[in-house]
Amino acid sequence: NAGVTQTPKFQVLKTGQSMTLQCAQDMNHNSMYWYRQDPGMGLRLIYYSASEGTTDKGEVPNGYNVSRLNKREFSLRLESAAPSQTSVYFCASAWDRGEQYFGPGTRLTVT
Amino acid sequence: QQQVKQSPQSLIVQKGGIPIINCAYENTAFDYFPWYQQFPGKGPALLIAIRPDVSEKKEGRFTISFNKSAKQFSLHIMDSQPGDSATYFCAASIISNSGYALNFGKGTSLLVTP
């Protein structure tokens, strides 16, 4: 079991560029989540998905889009990156209630 | 708007001490309160969790105390060790149409000195 995997681990973008962060889980979890972590801000929810075909906005969705491709995969897209999106991004998955399992994170820098 | 407020921001204790981290919330609909531990360069990992129908839960050296009327909960680490040095996050969750989203506190950076 790999758990939750994220690619890439590191990325540097220029302002205005686009990219997709990939997340996959092999635990057959229904729910998947995207968070961003900034110093002194804790973890803030960007988007989440309770099941295939459903997504919902979290606390800080502006500038992002998501796709729940299937039960295993949940991707996060930045259409036009901005320096304010420099952060560490974590994907997580869970059964309906209870422990969320986090991936190792993607460290993104936007210059 | 921060739905879960966590304090202190940082904490230094000596080995064997009992660090205490506090969290407060406003939304009485929250019904699941986990604590996560995060080491540098890693994702958070669940440490211990409690539901509001109990006032205390212990797992090894870690204890959650929960005060429903005050809308507060805290983490105590007994006999703390240098290996406990990490960032700790409290959280609270509530059901929505899309599942159970966690609202995190801002985190407490704990350093346990030898």
Side-chain angles (χ1 to χ4, degrees), chain A residues 2-7 9-10 21 23 25 27 29-61 66 68 71 74 87-107, chain B residues 1-10 21-25 27 29-53 57 59 62 64 86-110:
Chain A
V4 179
T5 57
Q6 292 183 238
T7 56
K9 285 187 168 51
F10 301 94
L21 281 64
C23 174
Q25 53 93 6
M27 295 173 283
H29 286 162
N30 291 325
S31 301
M32 296 187 74
Y33 307 82
W34 277 105
Y35 295 90
R36 60 178 289 174
Q37 184 174 29
D38 303 291
M41 297 297 292
L43 289 130
R44 293 182 293 169
L45 184 65
I46 304 171
Y47 270 94
Y48 57 114
S49 168
S51 61
E52 279 183 73
T54 68
T55 61
D56 207 349
K57 294 179 181 179
E59 182 185 353
V60 288
V66 291
R68 183 75 182 267
K71 192 169 187 178
F74 189 37
S87 188
V88 181
Y89 291 86
F90 287 101
C91 177
S93 70
W95 288 111
D96 292 335
R97 165 56 60 91
E99 179 173 3
Q100 288 190 16
Y101 292 80
F102 283 79
T106 293
R107 188 173 295 275
Chain B
Q1 181 184 353
Q2 192 83 18
Q3 296 208 49
V4 179
K5 295 184 179 179
Q6 183 172 347
S7 63
Q9 192 173 2
S10 63
I21 304 170
N22 300 299
C23 286
Y25 63 97
N27 189 342
F30 286 142
D31 61 354
Y32 174 68
F33 301 89
W35 285 88
Y36 280 78
Q37 180 188 55
Q38 184 180 29
F39 294 104
K42 304 290 186 184
L46 181 68
L47 190 62
I48 185 173
I50 197 168
R51 300 196 187 278
D53 52 345
K57 183 174 181 180
E59 285 188 5
F62 300 91
I64 300 179
T87 301
Y88 293 82
F89 295 95
C90 62
S93 79
I94 183 175
I95 188 171
S96 75
N97 291 336
S98 291
Y100 299 89
L102 284 172
N103 295 272
F104 282 89
K106 292 187 176 183
T108 296
S109 177
L110 172 66

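Here is the naming used below: chain letters follow the sequence lines, and residue numbers restart at 1 for every chain. Heavy atoms only: backbone and side chains are in, while hydrogens, waters and symmetry mates are out.
Counted within 6.0 Å of NZ on Lys57(A), heavy atoms from surrounding residues, nucleotides or ligands total 12 or fewer; the atom is thus considered open. Around atom CD of Glu59(B), more than 12 heavy atoms belonging to other residues, nucleotides or ligands sit under 6.0 Å away. More than 12 heavy atoms of other residues, nucleotides or ligands sit less than 6.0 Å from atom CZ of Arg44(A).
A distance of 6.0 Å separates CZ in Phe104(B) from CD in Gln100(A), rounded to the nearest 0.5 Å. Between the CG atom of Asn103(B) and the CG atom of Leu43(A) there is a distance of 11.5 Å, given to the nearest 0.5 Å.
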- Task: Check the pair Gln37(A), Phe89(B) against side chain to side chain contact (heavy atoms under 4.5 Å, CB included), reporting the backbone distance first and the verdict last.
- Result: CA-CA 12 Å; Gln37(A) 184 174 29; Phe89(B) 295 95; 3.2 Å; yes
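Listed by chain and residue number, Tyr32(B), Tyr36(B), Leu46(B), Ala49(B), Ala91(B), Leu102(B) satisfy the side chain to side chain contact (heavy atoms under 4.5 Å, CB included) test with Pro34(B) (two or more places apart in sequence, or in another chain).
A donor and an acceptor atom, one from each side chain of Gln3(B) and Glu59(A), are nowhere located under 3.5 Å apart.
Ranked by non-hydrogen atom pairs under 4.5 Å with chain A, the options Ala45(B), Gly107(B), Gly105(B), Pro44(B) are led by Pro44(B).
Contact of Tyr101(A) with chain B is not made at all, since no heavy-atom distance falls under 4.5 Å.
Of all non-hydrogen atoms in Phe90(A) and Gln38(B), the two that sit nearest each other are CZ-NE2, 3.4 Å.
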